[in-house]
Amino acid sequence: MKQIRADFKIQLESFSLDAAFNAPAVGVTALFGPSGSGKTTLLRCIAGLERAEGSLQVNGETWQDKSIFLPTHRRPLGYVFQEASLFTHLSVRANLEYGLKRTPLTERKVPLEQVVEWLGLSQLIGRGDPAKLSGGERQRIAIGRALLTSPRILLMDEPLSALDISSRQEILPYLERLHRELNIPVLYVSHAMGEVARLADHLVLLEKGRVIASGKLAEVLARLDLPIAHFDDAGAVIEAAVAQHDEKYHLTRLDFPGGSVWVGKLAQSFGIRIRVRVLARDVSIATQRPQGSSISNILAARILEICDEGSDKVLVKMAIGEFELLSRITRRSRDLLELKAGMAVFAQLKSVALMA
Amino acid sequence: MHTFAPDDLQAVWLTLKLAATSTCLLLLIATPLAWWLAYSNKWYKGMLAAVVALPLVIPPTVLGFYLLLLMGPHGVVGELTTYLRLGRLPFTFAGLVAGSVLFSMPFAVQPIQNAFEAIGRRPLEVAATLRAGGWDRFLSVALPLARPGFLTAIILAFAHTVGEFGVVLMLGGNIGGETRVLSVVIYNHVEAMEYEAAHWLAGGMVLFSFIVLLALYLAGGKLWKGVR
């Protein structure tokens, strides 16, 4: 029963949402879509901040259906807004403790000291006026404040979008750490593919208020029938593990079922799981194993599907072991190499982006 | 040295009592009203806002006149108060309080409403996601954040009641110890050519108002910025 089942209909002034999805209540589920697609509205419906028609079950508990509407303060959730929205009349500590104090003792599972440690708040907790902190610091406090209610689900509405690049880089590691160490499912709204590829396990795609796809991140990202496959930064995600460090050339080998890739040397030790992202535009295709190539990551693959993209490009979906890879090549190359579904080929990876 | 006549002192006391009572009642009435005006989306919100603002534009004597009719023996309110065995309101202290509350309503509602609107929905939504119920949100978030608005409302409502003349004269008349407030006494002194007595009261009122405002603004500056 570790599942989130949501189905909402709501008509707002200029926009209507009619969205249903099921997602596992473990790990991070990203609600992804262009601005205006209804991601935030959907999240607000889940929180009970919008009074939508529909139903919501979290881990088998009904929060909303035809006859039930739990008000927001009775839903055991944490919500991180786009802007930190700290209470300006309260100190940093009082902000952190606001929700904690209102959580019944028997339900408190996340101690203050742990949150302070996790989010690196020890320097901040004694500060008075939260308005004097940086954007990144404020957002960390807001995340901590939400976690301290020991939520059964954490809703995050583009928590990084109001921050500058450096604050974003400052927060991301904390989010990953929460993902790894905290057993709270997260619904993460974002329109930044980079963040989603880095953090999410499961993906719900929204467009114009409708859910157009939902599934495991790697599977949804590799679906050629969805618009995200045709974004400039479309690409596949592979879960790999650290397998070997090469001290001489300062490289690390990452293995995954079906192959391995070399990346710049990592600090992580043997066996640690690393997520890598391979953009479609960084993958080229050869029908024979290339000789004398400077590209070190060449993987044996099998073509699954090819689809036209614009007038000059095609998008090729390949299987490597149990993973899927996308490659964007020209239509001419496809015809010259006579590429077809089912063919055995070699994928050359010009670059591999580490997601951790 | 001028010594105040007992009647004058009685009027000063009565005026302060009237202003304090009205201000307290106003806060009780204006707060929920301002809350509703700030957060409601109902179509008749504009209508209610206009009614609340009406005392800003209609002359006090006009307001006093209609209140007199309304509270009089043949008025709706008059019949109600008689039925409830409360007697009639005109020419009583209670009547003055009722008039003052209505007359000063916009001065209390608008600053509080503006403060609630400036807070917006976000902090209240945040509080709701942090397990705070409706009253809790109001007391722990909305009230402290709206403090500047409340302070302005108190100052304006109090000062406005102290200075009121038209409604008092129409509704309360000139009964010593019951409805004869400072502004009426000053008027009486001027009518009787007792300019010196009028001066002492009028000047005292100016000084008092200034000191009250100064104290509140100084304290307010601290309250608005300091307490976090």
Under the ring-ring contact (aromatic ring centres under 6.0 Å, His included) criterion, do W36(B) and Y44(B) qualify, and how do the steps go? CA-CA 11 Å; W36(B) 188 85; Y44(B) 47 87; 5.6 Å; yes
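Proximity of the aromatic rings of W63(A) and F8(A) is defined here by a centroid distance below 6.0 angstrom, and this criterion is not met. When ring centroids are compared, F138(B) and W35(B) come within the 6.0 Å threshold.
With contacts defined as side-chain heavy-atom distances shorter than 4.5 Å, the pair L56(A)/I46(A) qualifies.
No side-chain donor from either of Q57(A) and E61(A) sits under 3.5 Å from a side-chain acceptor of the other. One side chain, S167(A) or D164(A), offers a donor N or O that lies under 3.5 Å from an acceptor on the other.
Contacts between residues 135-148 of chain A and chain B, defined by a heavy-atom separation under 4.5 Å, are made by R145(A), A146(A).
Taking chain B as the reference chain and counting heavy-atom pairs below 4.5 Å, the highest number among R74(A), R44(A), K101(A) is found for R44(A).
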